[in-house]
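Below: the structure, in structure tokens.
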Amino acid sequence: MSVIKVGYLISYDFEFVKNSLPRVYPFIDEIYFAVDIEGKTWSGEEFSIPDSFWQWVKEFDTENKITIYKDQFYVPGLMPMECDTRERNMLGKKMGKADWYIQIDSDEYFIDFKGFLANLEKLDPNVPTTVLCRVATLFKAVPGGYLLINGETLEALSFATNNPVYDYARNNTSGNVSKFSEDLVVHQSWARTPEEIRLKLNNWSHKHDFNTDSLYNLWNAVDQYNYRSLSNFHPFVNNSWPKLMYIEGDIQKILDDLQDNGIEKLTEPYKVKKKPLLSRIWKEIKAK
């Protein structure tokens, strides 16, 4: 069996890990939480994590799998994306020797993590590889459910590698072969309170890539009545957010439904389609 380790980046959105970690914990022997030792974001703003969260971690970690890794991840003078990439490289080194390194953000929820690990075992460990998964991104919580970006088409993000040398966030765009996985991850990226959205926009690694006030105003105006009017609205990547769709239920119900019913839950109208469309990114990856 391969040695597989998981690393989480813990910052101002630490609460979301309470949804993510339980889906990973039973299947992994070593888990690392990377936390800035000075309580700073990649933009240098301060955040605090209450003692109650660390008490929750202690009580949850019944098998002593979790290592808390504190270091200086914010460096004055570096751009947020540079701090992001730097932290991921530092975390990869801290995790020690492994066959596969998986990095997960606090608000990312694997639907079938055990199945994802089984797929990693099928890959050649001697070929430097980055594995990308399908990602369904939640845009906003509305009465009774969520608005989901893309609906029938999904994004793809990097999650696992056997060569943890990152050059752009979790990506290794030059040294690794990219492999596409059918495994699904739900990303609660934008489905937050207005205060949390402001915090995210001011501190995430893409804050200098677009007009954050403009995106906030758009996000704030979208609701369950007008969401169908949006199309191709990603702030800096053309055609990657073609539309929104409504999906019913709270987070746990959505995750359970996807685990039971598969990707068809993310299609519109609400019926099973033979073959959900793949995004342009997926097609390019699979063509390599």
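Counting begins at 1 with the first residue of the sequence. All values derive from a computational prediction rather than experimental measurement.
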*Mind listing the closest non-hydrogen atom pair of N226 and S229 along with its distance?*
O-OG, 2.7 Å
*So, N119 and E182: side-chain donor and acceptor under 3.5 Å apart, yes or no?*
no
*When Ile, Leu, Val, Met, Phe, Trp and Tyr are grouped by side-chain heavy atoms lying under 4.5 Å apart, directly or through other members, which residues fall in the same group as I37?*
none
*Can D183 and K114 be counted as an ion pair, charged N to O under 4.0 angstrom?*
no
*In plain terms, say whether K253 and D257 are close enough for a salt bridge, that is, a side-chain N and a carboxylate O under 4.0 Å apart.*
yes
_Is the distance from the ring center of Y109 to that of F113 below 6.0 Å?_
no
*So does K5 pair up with D99, basic N to acidic O under 4.0 Å?*
no
*Taking ILVMFWY side chains as joined if any heavy atoms are under 4.5 angstrom apart, and letting links pass through other members, which residues group with V127?*
V177
*Of N162, N171, T130, which meets side chain to side chain donor-acceptor pair (under 3.5 Å) against N176?*
T130
*Among residues two or more places apart or on two chains, list those pairs meeting side chain to side chain donor-acceptor pair (under 3.5 Å) that have a residue in residues 76-88.*
W42-E87, D84-R88, D84-S205, R88-Q103, R88-D105
*Would you say the side chain of V6 lies within less than 4.5 Å of the side chain of Y32, judging by non-hydrogen atoms?*
no
*Are more than 12 heavy atoms from other residues, nucleotides or ligands located less than 6.0 Å from atom NZ of K18?*
yes
*Any side-chain heavy atom of L117 sitting closer than 4.5 Å to one from I4?*
yes
*Aromatic ring pairing W56/F60, orientation class (parallel under 30°, perpendicular over 60°, tilted between)*: parallel
_Parallel, tilted or perpendicular, judged at 30° and 60°: which one describes the rings of F110 and F159?_
perpendicular
*Salt-bridge test for K40 and E46: reply yes if a basic N is under 4.0 Å from a carboxylate O, no otherwise.*
no
*Do you know which of R170, R23, R134 makes salt bridge (charged side-chain N to carboxylate O under 4.0 Å, His left out) with E108?*
R170
_Just checking Y225: does its OH atom have more than 12 heavy atoms from other residues, nucleotides or ligands closer to it than 6.0 angstrom?_
no
*asked:* Tell me whether the count of non-hydrogen atoms from other residues, nucleotides or ligands lying under 6.0 Å of CD in E121 goes above 12.
replied: yes
_Could you report the tightest heavy-atom contact between P143 and Y246, atom names first, then the distance?_
O-OH, 3.6 Å
